[in-house]
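Below: the structure, in structure tokens.
Residue numbers run from 1 in the order of the sequence given.
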Amino acid sequence: MAILTECAVLDTLVIFSLLFATLYLWMKWKHTYWQRRGVPTLPAHWFFGHFKDAILFRRPAGVILGELHRQAADEDDVLGIYILHKPFLLLRNPELIKQIMIRDFNVFSNHHFRGASKGDTVGKWTLFTIENPEWKHLRTKMSPVFTSGKLKSLFLLMQESGEKMRDHLRDQIRDKSKTVPITVKDTFYKYTTDVISSVAFGIRVNCYDTSPPEFYVNSRKAFNQTLLRSFQFFFLFFLPKIGQYLGSSILGKYTDYFRKVFWDSMDNRSVTKMKRGDLIDSLLQLKDESSDNTNFRFEADVLFAQAAIFFVAGRETSITTMTCALFELAKNPEMQKRLREEILQTIQDANGVTYEAVHNMKYLHQVMNETLRLHPPAPLLDRVPISNYTFPGTKITIEKGTPVYVVLRGIQSDPRYYRDPTRFDPERFSDERKDEIVPCTFLPFGEGPRNCIGMRLGTLQTAVGLIAILRDYEVALNPSWKIPYDPRNVFTSPPAGFLLDFKKI
């Protein structure tokens with residue numbers, strides 16, 4: 001029945017037009033937020049804001065944020081942007097970055113990213129997602145897991161996995177005269193899953209078996225980057241108040257499987273009293289500690305969450321770094337030759353791949369750092385203020401709850417701080433030149449009290465993987481090569497079919 005006109009169809013069109021016009025005008029008004037506060041910004045789409053290509057999965061979010069950072073004027077220390085209707089602030093000045101990450105950490109101690117939907121009891125207890133003051137207590141208790149002594153024990157477990165990868169590649173590449181295309185992401189996926197199963201879940205598997213173990217198969221399914229999962233994770237990362245209702249969880253529908261594996265290891269270790277020097281040993285110790293007059297308890301999913309975040313954060317970041325490092329070395333054969341010579345000479349001098357030998361491979365660490373500068377696995381650092389905040393020395397005030405971003409693909413490639421910033425140059429991190437790097441412009445592991453607690457562990461895992469490859473093989477670009485980024489992933493991630501050519505030395 002018609003209400004506004006004599007025609008029901010026309011009524012529908014009029015109502016729809018009015019609703020659309022209201023939405024349009026509301027969004028346009030929301031997109032004046034930064035102008036009304038005197039903060040520089042850039043032209044934005046009326047609905048998507050500055051994130052149209054990211055929301056439609058045309059390009060990675062990190063790449064788009066890096067472009068926004070570079071499009072701002074050199075004199076702009078901050079840049080206001082919009083994701084849909086919501087305002088975000090990008091920091092472009094190292095002093096302001098230091099201010100929120102270190103000096104005023106008490107205001108910016110929490111992440112904007114939640115990482116867990118409602119009901120995901122695992123995701124909300126990870127060291128990355130948990131909020132202060134529980135975060136501070138958890139960080140204090142977990143820090144001893146990453147001492148040099150503990151890392152040496154974990155190194156032995158990583159080295160076992162590295163040797164499995166070498167055996168696997170030897171089976172694939174037997175003829176020295178032939179070049180073999182290798183799907184490097186798949187190879188590194190198996191290596192890192194092998195490491196994490198041993199280090200974080202306390203079990204030995206061989207992900208390179210012709211009949212892959214259940215742990216590996218379920219890990220691939222749990223982290224399969226479907227369009228739905230990409231959509232859910234996008235909102236958890238950028239618009240968590242919406243994302244928490246979309247039903248995603250950190251381990252997907254395989255949470256119960258991995259929970260059982262974890263608790264089977266914990267229970268078995270409690271009975272046998274065996275020590276492996278892995279995360280299970282450390283978590284058992286925390287579980288058995290007496291209460292220290294806080295409401296925080298190391299039990300149930302609080303314990304399991306610490307193994308889960310190893311799985312989620314420690315695997316994909318290393319895969320990306322190893323893949324991109326080989327990609328850059330394939331483009332720069334002289335650098336690859338120099339690194340291989342260092343690896344082989346250091347192994348010979350140490351009579352094997354030892355913890356100390358890996359630590360002494362200076363050029364290897366320069367290559368990894370330069371890879372992390374150009375291809376940061378986590379594209380941004382996020383913080384959110386717990387109260388209204390005015391940046392010192394400026395008239396810029398942000399409201400409580402306004403997300404603040406440091407875009408790594410922006411600040412780490414900013415020509416104001418790096419000469420020839422798009423060139424792959426490991427010498428930037430040499431002993432002679434590393435002092436040229438401006439503080440808070442190289443941040444692959446974060447900065448301040450809430451930096452990545454697993455930084456040294458991740459670096460070690462990446463180093464062991466690269467050594468296992470480069471000591472035996474020359475790596476070259478495959479004729480079908482592409483830039484190694486998956487447009488659907490919030491984090492920097494190589495596409496599944498990314499190929500490099502391997503030739504046995």
Side-chain angles (χ1 to χ4, degrees), residues 61-62 65 78 80-81 83 86-91 96-143 232-246 248-250 294-298 301-302 305-306 308-310 312-313 317 376 378-392 396-408 411 440 443-455 490-491:
L65 287 167
V78 299
I81 68 165
I83 299 177
K86 188 171 179 62
F88 294 71
L89 189 70
L90 307 189
L91 300 187
L96 295 184
I97 295 171
K98 183 185 293 185
Q99 195 72 42
I100 72 158
M101 296 286 176
I102 302 173
R103 296 176 184 142
D104 290 330
F105 177 76
N106 60 309
V107 180
F108 292 92
S109 58
N110 293 326
H111 288 295
H112 171 62
F113 170 60
R114 292 289 183 271
S117 60
K118 285 190 175 296
D120 181 10
T121 56
V122 180
K124 78 173 186 178
W125 287 115
T126 73
L127 194 55
F128 186 82
T129 55
I130 193 172
E131 295 189 345
N132 229 5
E134 290 84 3
W135 165 82
K136 184 176 181 180
H137 180 75
L138 180 58
R139 175 86 179 208
T140 301
K141 292 294 186 180
M142 289 295 294
S143 291
Q232 291 170 329
F233 194 77
F234 178 91
F235 276 90
L236 280 174
F237 204 91
F238 295 108
L239 299 164
K241 288 185 178 179
I242 299 174
Q244 65 181 332
Y245 296 103
L246 297 181
S248 180
S249 61
I250 191 170
T294 70
N295 292 324
F296 195 94
R297 297 290 182 270
F298 276 96
D301 277 348
V302 175
Q306 309 323 311
I309 195 63
F310 267 66
V312 176
T317 52
L380 56 89
L381 305 176
D382 66 313
R383 296 291 188 271
V384 61
I386 61 173
S387 61
N388 292 352
Y389 178 83
T390 300
F391 287 94
I396 299 170
T397 298
I398 56 174
E399 295 179 298
K400 172 185 176 181
T402 303
V404 178
Y405 282 170
V406 179
V407 182
L408 300 197
I411 196 73
C440 290
L443 303 158
F445 298 101
E447 186 58 89
R450 199 149 187 171
N451 68 350
C452 177
I453 193 173
M455 173 176 63
V490 170
F491 292 94

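If you take CD on Glu399 and CG on Asn388, they are separated by 6.0 Å, rounding to the nearest 0.5 Å. Distance check, rounded to the nearest 0.5 Å: CZ of Phe445 to CG of Asn451 gives 10.0 Å. Here CG of Asp301 is found 10.0 Å from CH2 of Trp125. Values are rounded to the nearest 0.5 Å. Summarising the geometry, atom CG belonging to Leu96 is positioned 12.5 Å from atom CG belonging to Leu90; distances are rounded to the nearest 0.5 Å.
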Residues Leu408, Leu381; criterion side chain to side chain contact (heavy atoms under 4.5 Å, CB included); working and verdict: CA-CA 7 Å; Leu408 300 197; Leu381 305 176; 4.0 Å; yes
Side chain to side chain contact (heavy atoms under 4.5 Å, CB included) between Asn110 and Arg450, worked out: CA-CA 9 Å; Asn110 293 326; Arg450 199 149 187 171; 3.7 Å; yes
Verdict with supporting geometry, Tyr405 and Leu89, side chain to side chain contact (heavy atoms under 4.5 Å, CB included): CA-CA 6 Å; Tyr405 282 170; Leu89 189 70; over 6 Å; no
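Taking the six-membered ring where the residue is Trp, Phe234 and Phe238 present tilted rings, their angle falling between 30° and 60°.
Contact of the Thr129 side chain with the His111 side chain is not registered, since no non-hydrogen atoms from C-beta on lie closer than 4.5 Å. The side-chain heavy atoms of Phe237 and Leu380, taken from C-beta on, include a pair separated by under 4.5 Å. Between Pro392 and Gln99 the shortest side-chain heavy-atom distance falls below 4.5 Å. Between Phe88 and Leu65, the closest side-chain pair of non-hydrogen atoms is not below 4.5 Å. Counting only heavy atoms from C-beta outward, the side chains of Gln306 and Leu138 approach each other to under 4.5 Å. Put simply, the side chain of Glu447 does not reach to within 4.5 Å of the side chain of Lys98, judged on heavy atoms. Contact annotation: the side chain of Leu443 approaches that of Ile97 to within less than 4.5 Å [non-hydrogen atoms, C-beta and beyond]. Between Val312 and Phe128 there is no side-chain heavy-atom pair separated by less than 4.5 Å.
Lys86 NZ: more than 12 foreign heavy atoms inside a 6.0 Å radius.
Between Val384 and Pro403, the closest heavy-atom pair is CG2-N, 4.5 Å. Between Phe391 and Leu91, the shortest heavy-atom distance links the atoms CZ-CD2, 3.9 Å. Taking both residues in full, the closest heavy atoms of Val122 and Ala305 are given as O-CB, 3.3 Å, listed atom of the first, atom of the second, then distance. In plain terms, the two heavy atoms of Leu236 and Pro240 that are nearest each other are O-CB, 3.4 Å.
When atom types are taken as modelled, the side chain of Asp382 and the backbone of Phe113 share a donor-acceptor pair closer than 3.5 angstrom.
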